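Shown next, in structure tokens, is the structure this report addresses.
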Amino acid sequence: MQPLKGFRDFFPQDLAHLRWIQSAWHSAAKLAGFEEWDGPVLEPLKLFTDKSGDEIAGQLYAFEDKGERPVALRPEMTPTLVRMLSARAGALPKPIKWYSVAQFFRYEQPQHGRGREFFQWNVDVVGSPHPAADAEVIAVAVEALRRLGLSDEDLRVRISDRGALAAFLVALEVPEELHLSVFECIDKLERDPAATRRLTEILGESRAAELLCACDQFPLSRAERLGVVLEACRDWGLGACLEPDLRIVRGLAYYTGTVFEIFARGAKLRAVAGGGRYDRLMSDMGGPPLEAVGFGMGDMVLSLLLAERGLEAPPGMRLEVLVIGTDASMLSPAREVVRELRSRGVASETAYAPVRVSKALRSASNQGVPRVVLVGPDEWAERKVVVRELSSGQQRTVHLSELD
RNA sequence: GUGGGUGUAGCUCAGUCGGUAGAGCGCCAGAUUGUGGUUCUGGAUGUCGCGGGUUCAAGCCCCGUCACCCACCCCA
């Protein structure tokens with residue numbers, strides 16, 4: 001029997017890889033003063049349809065529980081964040097800097113870098129409208145990627161500001177009600193050749209041309225706030241990977257200002273992370289009127305990218321010491337030695353049944369165990385054992401009480 | 001949901017013209033019983049995705065089906 005489509009089994013090596021990624025997420029966030037939080041994996045279906053519309057239910061693991069309540073496995077974290085902040089935001093000092101590392105479920109067609117279950121890192125600053133918050137969040141995202149061994153040369157942080165884009169459209173005298181569909185076209189410019197044509201249909205030839213031109217050459221003079229965000233990003237050392245790019249709008253309707261996506265340079269992968277500012281979402285969803293900026297980074301595209309760059313988790317050490325009883329009579333003393341080691345916090349084990357010493361040594365070195373302890377009758381008569389370093393072959397005889 | 005590709009050992013894969021299933025890696029055991037990594041020898045492992053059809057004979061050909069991968073749609 002196989003796992004369900006889009007779901008993954010994590011064998012020890014796979015899990016080690018996932019944990020490696022997650023620990024980079026945790027450390028980058030904690031280092032920047034973000035606090036970890038979490039919520040339920042299963043939520044009322046309504047929590048998600050309220051935010052995204054009833055159609056979203058088709059893309060969720062949604063069902064009725066035994067009490068006939070419509071429920072869904074969470075496809076994202078933001079609605080839960082809004083609920084939890086609604087309950088407590090008044091009591092929390094601002095800005096609120098929270099992050100989560102959680103598992104999500106979406107009933108979609110699995111694809112390259114996309115499954116029906118995945119882990120995602122979410123980092124949000126709530127309660128600050130300042131551009132410096134936007135920059136800090138981006139810096140945290142990049143920091144995690146750096147910790148995994150990616151360099152600035154590997155990364156492109158494409159960044160835009162919907163406010164600037166909207167202002168540009170206003171300057172072109174594009175009516176407000178057309179803005180959203182224009183955003184949609186711009187979002188698709190790189191993937192869909194028809195998008196250019198549709199843009200012309202909406203805007204007319206001259207305005208479309210002007211807009212396309214602006215996309216190629218961002219008029220930073222007309223994007224004051226973005227300029228401040230970029231400046232702060234440079235303070236965080238992101239200068240080498242920043243790319244102001246008006247074409248980044250992101251699909252989400254709720255972004256209000258800064259939007260950004262992080263890509264791998266020269267890789268045919270979708271964005272490894274994406275986010276932006278959503279100042280109205282909290283109040284729109286009935287929460288406190290707090291500004292917010294944040295991003296999400298999933299484990300799947302990131303794993304593909306790391307694999308492509310030959311980056312992997314440093315080899316983990318299952319055992320620090322293998323204790324070898326040299327004959328059948330040493331089984332019990334070997335266990336005593338292991339017990340002593342474990343009580344001192346040293347990961348160690350010994351065979352369940354007598355094993356030839358040469359075989360035990362071979363298995364120890366094959367597994368990368370750095371040292372073994374040999375328990376033989378001669379030394380054990382004086383409560384002593386032989387400690388052997390496998391890398392050098394050096395060994396010494398020590399008393400049980402001197403074991404480290 | 002639509003289109004394309006792939007399904008053979010634990011993993012990566014080979015398998016010619018249709019003729020009883022292969023390699024490498026890994027795993028297990030051994031090379032005189034208290035000393036490893038290299039090496040050598042031996043061993044185990046398959047519903048050839050599944051079901052049907054053609055044929056004396058199918059991993060191979062035909063039909064169906066399922067799963068996975070890739071692309072589209074979507075992307076919170």
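First the proteins, then the strands, lettered A, B, ... as listed; each starts at 1. Predicted model, so just to flag it, every value in this text is computed and none were measured. Side chains included, hydrogens not; waters and symmetry mates left out as well; all remaining heavy atoms used.
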When the distance from [atom1] of [X] to [atom2] of [N] is rounded to whole Å, what number comes out?
X      : N     : atom1 : atom2 : value
A/Q59  : B/C73 : CD    : C1'   : 10 Å
A/E379 : B/U35 : CD    : C1'   : 12 Å
A/R116 : B/C68 : CZ    : C1'   : 12 Å
A/M300 : B/C68 : CE    : C1'   : 13 Å
A/F295 : B/A76 : CZ    : P     : 15 Å
A/D14  : B/C11 : CG    : P     : 12 Å

Of all the choices, [options], which nucleotide is nearest to the side chain of [X] once you look at every atom?
X      : options             : answer
A/Q111 : B/C72, B/G36, B/C75 : B/C72
A/R362 : B/C72, B/G30, B/U35 : B/G30
A/I56  : B/U33, B/G34, B/A76 : B/A76
A/R388 : B/G36, B/C75, B/G34 : B/G36
A/P377 : B/A76, B/G36, B/G34 : B/G34
A/H112 : B/C70, B/A29, B/G36 : B/C70
A/L390 : B/U35, B/G36, B/G30 : B/G36

Describe the nucleic acid contact of [X] in one word from base, sugar-phosphate, nothing, applying a heavy-atom distance below 4.0 Å.
X      : value
A/S52  : nothing
A/Q367 : nothing
A/G296 : nothing
A/L322 : nothing
A/V386 : base
A/D327 : nothing

Could you walk me through whether A/R8 and A/D14 pass the salt bridge (Lys or Arg N to Asp or Glu O under 4.0 Å) check?
CA-CA 10 Å; A/R8 299 171 287 176; A/D14 308 321; over 6 Å; no

For salt bridge (Lys or Arg N to Asp or Glu O under 4.0 Å), just list the numbers for A/R318 and A/E349, CA-CA rounded to whole Å, side-chain angles, deciding distance to a tenth of an Å, and then say yes or no.
CA-CA 10 Å; A/R318 187 176 74 88; A/E349 72 178 21; 3.1 Å; yes

Hey, could you give me the CZ/CG distance between A/F260 and A/L242, rounded to the nearest 0.5 Å?
11.0 Å

Atom pair CD1/CG of A/I262 and A/L305 - distance to nearest 0.5 Å:
11.0 Å

Min side-chain heavy-atom separation A/T350-A/L322 under 4.5 Å
no

Would you indicate whether the side-chain heavy atoms of A/I21 and A/L306 approach each other to under 4.5 Å?
yes

Can you give me the N/O atom pairs linking the protein to nucleotides 65-67 of chain B at distances under 3.5 Å, or say none if there are none?
from: B/A67; atom 1: O2'; to: A/Q2; atom 2: OE1; distance (Å): 2.9

Ignoring hydrogens and angles, does a donor from either the side chain of A/R114 or the base of B/C74 sit under 3.5 Å from an acceptor on the other?
yes

Base B/G34 to side chain A/R356, donor-acceptor N/O within 3.5 Å cut-off:
no

I'd like the [atom1] distance from [M] over to [N], given in whole Å.
N     : M     : atom1 : value
B/G64 : B/C72 : P     : 27 Å
B/G42 : B/C60 : P     : 33 Å
B/G59 : B/G46 : P     : 16 Å
B/A21 : B/A58 : P     : 11 Å
B/C13 : B/G26 : C1'   : 14 Å
B/G22 : B/A44 : P     : 13 Å
B/U35 : B/G24 : P     : 31 Å
B/C66 : B/G52 : C1'   : 14 Å

Here RNA chain B, pairs taken as Watson-Crick or G-U under 3.5 Å and shown with ( ), [ ] when crossing and | when to another strand, reads (((((((..((((.....[..)))).(((((.......))))).....(((((..]....))))))))))))....

Pair A/W25-A/Y99, ring-ring contact (aromatic ring centres under 6.0 Å, His included): steps then yes or no:
CA-CA 9 Å; A/W25 290 346; A/Y99 83 94; 9.7 Å; no

5′-ward residue of the pair A/E76/A/Q109 relative to RNA chain B:
A/Q109

Please determine if a side-chain N or O atom of [X] lies less than 4.0 Å away from the OP1 or OP2 oxygen of [N].
X      : N     : answer
A/R74  : B/A76 : no
A/K359 : B/A29 : yes
A/R250 : B/A76 : yes

Given A/F7, which partner from the list A/F118, A/Y61, A/Y107 fulfils the ring-ring contact (aromatic ring centres under 6.0 Å, His included) test?
A/Y61

Is the distance between the ring centroids of A/F10 and A/H17 less than 6.0 Å?
no

Identify the residue among A/R158, A/R247, A/R250 that makes a side-chain hydrogen bond (donor to acceptor under 3.5 Å, both in side chains) with A/E261.
A/R250

Looking only at the side chains, is there a donor atom on one of [X] and [Y] sitting less than 3.5 Å from an acceptor on the other?
X      : Y      : result
A/Y278 : A/D124 : yes
A/E320 : A/S348 : no
A/E389 : A/Q395 : no

Between N or O atoms, less than 3.5 Å apart, protein on one side and nucleotides 8-10 of chain B on the other: list the pairs.
none

Whether A/R225 and A/D134 form a salt bridge (side-chain N of Lys/Arg under 4.0 Å from carboxylate O of Asp/Glu) is what I want to check.
yes

The test is side chain to side chain donor-acceptor pair (under 3.5 Å); show your working for A/S363 and A/N366 and say whether it passes.
CA-CA 5 Å; A/S363 119; A/N366 284 345; over 6 Å; no

